[in-house]
Amino acid sequence: METLDVTQIEPRFKHPTIFNKFDSLAEGEAFIINNDHDPKPLYYQLLAERGQTFTWEYLENGPEVWRVQILKRQPSSDETIGEMVTKDFRKAQVFKKFGIDFCCGGKKTVKEVCERKGIDVAVVEKELNSFNERENTYFDFDSWELDFLADYIVNTHHKYVKESLPFMTELANKVARVHGDGHPELIHIAQIFSNVAQDFGLHLMKEEKILFPYIKEMVAAKNTGASIAPAPFGQVNNPTQMMETEHEQAGEDMAAIRQLSNDYTLPQGACNSYTILFKKLEEFENDLFTHVHLENNILFPKAIALEKELLA
């Protein structure tokens, strides 16, 4: 299998060279890229511009060398997890039950994830199919206009995050300070959540001040027939790739907290602060899943498609 040493390519030619190599592959063929830093931004660019046509597998993951195998997939009619949740958000409950990431990991199929996690795909599919037989009221987010969806995200999920972060950060530090000697994992949890809080503050600001206003401008342009002015960040897939990378980091941080807390299991005799902290962390994680799903799987792909339509 051919290896492409990205470190030997001039920076401005790196991604075009990789894309050309990928486009030259036949279905089922693969190549390896060798890099001196994590090439994850390339993953999001490839996903935005080539869609679900490839698999991405880390063969070596730093700290000095990163090697990734990129394979051109065979055509598949299987829905991705993100597409399934987009059509029927109730199915997110099933993925959550089995520990399957439907937001950051929403680009994969159920079969792919089950094989990787060692889960019986038939059991998961049985529960997913049961929703087709139930009547339940749920928001059809996929049918909403993008400007309305952006406002909903800000007024629901951004508001929740902004209100929760100061209290939870203070509470995590307090519990770590009081109980950290007997439960050193609490110190790590407090440190990780502090990073989440710091990163999310800037993340929300970028969405509210830069990305979401541009999406709303595009919606207005489509509705009025007006043209859109060039964005300072170039095409909309540039900031959405950055947002998805930051979403993934937040998801990994919360997964680390879940592991450290043994799925938010309280020790015997846990005090009120300890109890409230774990309940809030789980609540925050659940909100994050929905928040990221709405952006990664609905808002961002539709914004990219709308921009292409306006610029055609």
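Computation of the quantities below employed the complete heavy-atom set of this structure, encompassing side-chain atoms and omitting hydrogens, waters and symmetry-equivalent molecules.
- Residues D5 and T7 bring a donor and an acceptor atom of their side chains to less than 3.5 Å of each other.
- Ion pair E10/K14 not flagged as a salt bridge, since none of the NZ, NE, NH1 or NH2 atoms sits closer than 4.0 Å to an Asp/Glu carboxylate oxygen.
- With 3.5 Å as the limit, one finds a donor-acceptor pair spanning the side chains of H203 and H247.
- Within the 4.5 Å cutoff, side-chain heavy atoms of F31 are placed close to those of I18.
- Sorted pairs that involve residues 196-205 and meet salt bridge (charged side-chain N to carboxylate O under 4.0 Å, His left out), not counting sequence neighbours, are lacking altogether.
- A donor and an acceptor atom, one from each side chain of E283 and Y160, are located under 3.5 Å apart.
- Side chain of E307 to backbone of V236: a donor-acceptor contact under 3.5 angstrom is found.
- Here the side chain of N173 pairs a donor or acceptor atom with the backbone of T169 at under 3.5 angstrom.
- Expressed to the nearest 0.5 Å, how far CZ of R177 lies from CG of L186 amounts to 12.5 Å.
- Taking CD from E29 and NZ from K72, the interatomic distance works out to 8.5 Å, rounded to the nearest 0.5 Å.
- E125 and K111 are not joined by a salt bridge, as no carboxylate oxygen comes within less than 4.0 angstrom of a charged side-chain nitrogen.
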Verdict with supporting geometry, Y58 and R67, side chain to side chain contact (heavy atoms under 4.5 Å, CB included) | CA-CA 6 Å; Y58 282 99; R67 297 177 70 245; over 6 Å; no
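- With a 4.5 Å cut-off on side-chain heavy atoms, S273 and L171 count as touching.
- When all heavy atoms of F212 and I153 are compared, the closest pair comes out as CE2-CG2, 4.1 Å.
- Residues Y214 and F233 meet the side-chain proximity criterion, which asks for heavy atoms closer than 4.5 Å.
- Taking the charged nitrogens against the carboxylate oxygens, K162 and E208 do have a contact shorter than 4.0 Å, which makes a salt bridge.
- Under a 4.0 Å N-O distance rule, the pair D151/K216 qualifies as a salt bridge.
- Not a single donor-acceptor pair under 3.5 Å links the side chain of S164 to the backbone N or O of V161.
- Looking only at atom types and distance, the side chain of Q191 has no donor-acceptor partner in the side chain of N195 under 3.5 Å away.
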How far apart are the C-alpha atoms of V196 and F284, what are their side-chain angles, what is the distance that settles it, and do they pass the side chain to side chain contact (heavy atoms under 4.5 Å, CB included) test?
-> CA-CA 11 Å; V196 171; F284 186 90; 4.2 Å; yes
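- Side-chain contact between I298 and W144 is absent, with no heavy-atom pair separated by less than 4.5 Å.
- Inter-residue side-chain proximity for F98 and C114 is flagged as unmet; no heavy-atom pair is nearer than 4.5 Å.
- Annotation: cation-pi geometry not satisfied between K280 and F167 (NZ/CZ under 6.0 angstrom from ring centroid, within 45° of ring axis).
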Give the C-alpha distance, both sets of side-chain angles, the deciding distance and a yes or no for salt bridge (Lys or Arg N to Asp or Glu O under 4.0 Å) between K302 and D142.
-> CA-CA 10 Å; K302 287 192 171 186; D142 194 38; 3.0 Å; yes
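- The closest side-chain donor-acceptor pair between H158 and E207 falls under 3.5 angstrom.
- Membership of the apolar cluster around L202 extends to M205, as traced through chained side-chain contacts below 4.5 Å between ILVMFWY residues.
- Contact annotation: the side chain of E248 approaches that of E252 to within less than 4.5 Å [non-hydrogen atoms, C-beta and beyond].
- W66 and N61 share a side-chain donor-acceptor pair at under 3.5 Å.
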